[in-house]
Protein chains: 2
Amino acid sequence: MPRNKEANQKVKDERRDQILSAALRLFATKGLSATKITDIALKSGMSQGLIYHYYKSKEEIFTWLIGSAMAKMNEAALNLEKLPVSAKEKIIIALEGLLKGFNENADTANYYFLITQTALSDAYPEDAKEIIRTQNDVKYGVITRILKQGQMDGTVKDHDANEMATLFFSSINGLALNKAIYGQRFKMPDSNILLSMFLK
Amino acid sequence: MPRNKEANQKVKDERRDQILSAALRLFATKGLSATKITDIALKSGMSQGLIYHYYKSKEEIFTWLIGSAMAKMNEAALNLEKLPVSAKEKIIIALEGLLKGFNENADTANYYFLITQTALSDAYPEDAKEIIRTQNDVKYGVITRILKQGQMDGTVKDHDANEMATLFFSSINGLALNKAIYGQRFKMPDSNILLSMFLK
DNA sequence: GTCTATATCCAGATAGAC
DNA sequence: GTCTATCTGGATATAGAC
């Protein structure tokens, strides 16, 4: 019995992951409202009914995705801040890492779009919006602090750091959306062009 | 009789405009699928039934909006290209005009978001997607040509012009989305920061 | 032209068999 | 745990009165 319990738990986790990964792509390409539970069931290879065995509702799946996306992003941002390198280096690493992520893993761009949609739209679950509202400024804070540090050591341009951070994420977001739209056909621009906004 | 005909036509046009302007805001904040015809009716102050007197379906309203948005943008782009000023000046005018537009007219940002959504999502009308597919490269073409001209006269940086154009619109799009999300609370960054990506 | 009432359909969620 | 069948609500679109 205790043995089976573990095995069962593993199956359960796998199922939940299947659902999440199918849902992520569907939500990103169709939006929450236009994604039907049957779509998710079809794509994850199970019946509609079974979905409800693992999640209470479509909204719950959605909110779960947003929560884990924000958690991953914030973790990455905080790890970046702790790296034992200069501010300038951190900015280069961040930017190149993000662009590379978009190229190598389609889900990365999808997560970005999901977050944008959710923040913008009234039609998304309130608790998902709440997660974004409370957690979005973590990564903004990290980049702003790094930029300010770079200004102190003279490697970063002397524009307003908050405005630069806004442009940092606006541009990244814009690129993510382009990537999500055009997929393989989208050629990521050279990171040096973007860097020239921030670095002296 | 011929007199009334004109008056009637005017009322009809006004009604159609009311519907379009209500629909634009709703589509931009909720997405196509989550926007109900009753929402549009409520916001434009008429009954559901009447909407169908002016438009065949929700999708038709949507496609109409996309068409007019693309037409306006392309017209603006082509006018920009014809201005009797230097390439550098054109880039400055374009960027500052866009940022100003986002600040002064909320609909501008909404149009951008609508277009992004439509390009990305399978759940949007095929003819709307087609409009974007065929017309989106007009403005890309304009900016790319201006950038190349600026490279020839030595005022624009020597990165790949296509990549710079991509970054131009990605950044603009990202800012438009931020504006659409945060409205008044969003402070547009100084255009000089963005310009530093392109100008020497 | 405009409204109210309604037919029709479709999707979310549940129930119950295996 | 998984499926099929079904309940139920809500949204699109239409019909018909004024």
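Below, all heavy atoms of this structure are taken into account, side chains as well, without hydrogens, waters or symmetry copies. Numbered from 1 within each chain, the chains take letters A, B, ... in sequence-line order.
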Ordered by number, residues from residues 51-69 of chain B within less than 4.0 Å of DNA chain C (heavy atoms) are B:His53, B:Tyr54

Which two nucleotides bound the region of DNA chain C that has atoms under 4.0 Å from heavy atoms of chain A, read 5' to 3'? C:dA11 to C:dT14

Does one side chain, of A:Glu96 or A:Ser191, offer a donor that lies under 3.5 Å from an acceptor on the other?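 Judged by distance alone, the side chains do pair up.
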
Does a donor on one side chain sit under 3.5 Å from an acceptor on the other, for B:Gln149 and B:Asp153? no

Is it the case that atom [atom1] in [X] sees more than 12 heavy atoms from other parts of the structure closer than 6.0 Å?
{"X": "A:Lys30", "atom1": "NZ", "value": "yes"}
{"X": "A:Gln184", "atom1": "CD", "value": "no"}
{"X": "B:Lys200", "atom1": "NZ", "value": "yes"}

Output every pair passing ring pair (Phe, Tyr, Trp, His ring centres under 6.0 Å) with a member in residues 171-200 of chain A, not counting sequence neighbours, ordered by first then second residue. A:Phe168-A:Phe198

Can you list every ring pair (Phe, Tyr, Trp, His ring centres under 6.0 Å) pair that touches residues 115-151 of chain A, not counting sequence neighbours? A:Phe62-A:Tyr124, A:Tyr140-A:Phe169

Would you call B:Arg133 and B:Glu126 a salt bridge, taking side-chain N to carboxylate O under 4.0 Å as the test?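 Salt bridge present between B:Arg133 and B:Glu126.
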
Between B:Lys90 and B:Glu81, is there a side-chain N and carboxylate O pair less than 4.0 Å apart?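 No salt bridge links B:Lys90 with B:Glu81.
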
Please list, in numerical order, the residues of residues 32-39 of chain B that have a heavy atom closer than 4.0 Å to any atom of DNA chain D.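 The answer is B:Thr35, B:Lys36, B:Ile37.
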
Scan the side chains in residues 170-180 of chain A for donor-acceptor partners under 3.5 Å anywhere in the protein, sequence neighbours excluded, and list what turns up.
unit_1: A:Ser170; atom_1: OG; unit_2: A:Thr166; atom_2: O; d: 2.9
unit_1: A:Ser170; atom_1: OG; unit_2: B:Asn178; atom_2: ND2; d: 2.8
unit_1: A:Ser171; atom_1: OG; unit_2: A:Leu167; atom_2: O; d: 2.7
unit_1: A:Ser171; atom_1: OG; unit_2: B:Ser171; atom_2: OG; d: 3.3
unit_1: A:Asn173; atom_1: OD1; unit_2: A:Thr116; atom_2: OG1; d: 3.2
unit_1: A:Asn173; atom_1: ND2; unit_2: A:Thr116; atom_2: OG1; d: 3.0
unit_1: A:Asn178; atom_1: ND2; unit_2: B:Ser170; atom_2: OG; d: 2.8
unit_1: A:Lys179; atom_1: NZ; unit_2: A:Asn103; atom_2: OD1; d: 3.4
unit_1: A:Lys179; atom_1: NZ; unit_2: A:Gly183; atom_2: O; d: 3.1

